[in-house]
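Hydrogens, waters and symmetry mates play no part in the numbers below; they use all other heavy atoms, side chains included.
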Amino acid sequence: MPCRLALLVFLLASAPRASETPESLVQEKLLAPLAAREKARSSYSRARPPAAERRVRMLDATPIADAKGGAFVGFAVDARYGRGAGRWQEDVITGCVYAGTGEVYLRYGAAVRAAGVLLGKTIPPAASHVCRAAGANAVVAGG
């Protein structure tokens, strides 16, 4: 009985909450860790300065089914660099989020990869069905 209870608690804790929207998942799993990583970077770094502000736009009004039956929603992140009221640069980051599992993927070069790739992790390309509408030849999320 304690084993069943522990398993139930684990499953409930690992499952995404109903209150987690695709937008909040992108904020929590991509933008917040990215901002923390950029904040920890040296101010003397030669890398491009981090964005002063970022905003998330959801590209799909309803979830899209992929070939394996998962449902995803496309997103784009716009960024503003520099001080003051700079101009927004659209589609700085694009990808998709699977709200059912909480997974966030990005377009990274010619492939789709898990969001951790922007946080310095070495991540292989995602499976061919990820972020692709069932029966589609092109990646829907991100262009």
Side-chain angles (χ1 to χ4, degrees), residues 1-43 45-82 85-143:
M1 182 70 173
C3 183
R4 287 184 183 173
L5 182 60
L7 180 62
L8 179 64
V9 168
F10 173 75
L11 290 174
L12 289 175
S14 63
R17 289 176 230 111
S19 64
E20 289 182 332
T21 63
E23 186 173 356
S24 69
L25 286 168
V26 172
Q27 289 284 351
E28 173 189 332
K29 297 200 174 193
L30 174 64
L31 297 183
L34 185 58
R37 183 170 191 239
E38 290 172 343
K39 187 175 181 178
R41 187 175 66 190
S42 170
S43 60
S45 173
R46 291 185 174 186
R48 179 180 184 180
E53 188 177 359
R54 289 187 177 100
R55 66 181 179 202
V56 178
R57 288 183 294 118
M58 301 316 292
L59 302 177
D60 303 311
T62 59
I64 299 170
D66 67 13
K68 300 276 183 164
F72 68 91
V73 177
F75 71 87
V77 176
D78 303 333
R80 184 177 4 212
Y81 295 91
R87 182 175 69 80
W88 283 100
Q89 293 181 9
E90 292 187 344
D91 302 338
V92 173
I93 302 170
T94 58
C96 76
V97 58
Y98 284 79
T101 60
E103 296 170 316
V104 178
Y105 293 94
L106 328 163
R107 293 257 323 151
Y108 192 78
V112 175
R113 297 179 188 256
V117 74
L118 286 185
L119 304 175
K121 298 177 182 174
T122 303
I123 297 176
S128 63
H129 71 278
V130 173
C131 293
R132 286 182 178 232
N137 292 329
V139 175
V140 173

Atom of [X], atom of [Y] and distance for their closest heavy-atom approach:
X	Y	value
V26	V56	CG1-CG2, 3.9 Å
R41	P50	NH2-CD, 2.8 Å
V73	M58	CG1-CE, 3.6 Å
V112	C131	CG1-SG, 4.0 Å
A32	E28	CB-O, 4.1 Å
P22	V97	CB-CG1, 3.4 Å

With respect to V77, which candidate in R55, R54, Q89 satisfies the side-chain contact (heavy atoms from CB on, under 4.5 Å) definition?
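Going through the options one by one, the only one that passes is R54.
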How long is the span from the [atom1] atom in [X] to the [atom2] atom in [Y], to the nearest 0.5 Å?
X	Y	atom1	atom2	result
K68	S128	NZ	OG	7.5 Å
I93	L118	CD1	CG	5.5 Å
R132	I64	CZ	CD1	13.5 Å
R107	T94	CZ	OG1	6.5 Å
I123	R113	CD1	CZ	8.5 Å
F75	L30	CZ	CG	5.5 Å

Going by an N to O cut-off under 4.0 Å, is there a salt bridge joining K29 and E20?
no
Evaluate the ring planes of F72 and Y98, with Trp represented by its six-membered ring, and classify them as parallel (under 30°), tilted (30 to 60°) or perpendicular (over 60°).
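Tilted, since the angle between the ring planes falls between 30° and 60°.
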side-chain hydrogen bond (donor to acceptor under 3.5 Å, both in side chains) against R57, all qualifying residues, sequence neighbours excluded
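Here the qualifying residues are D78, D91.
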Who passes ring-ring contact (aromatic ring centres under 6.0 Å, His included) against Y108, sequence neighbours left out?
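ring-ring contact (aromatic ring centres under 6.0 Å, His included) list for Y108, sorted by chain: empty.
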Check for a donor-acceptor pair, side chain of D60 on one end and backbone N or O of G74 on the other, with a separation under 3.5 Å.
yes
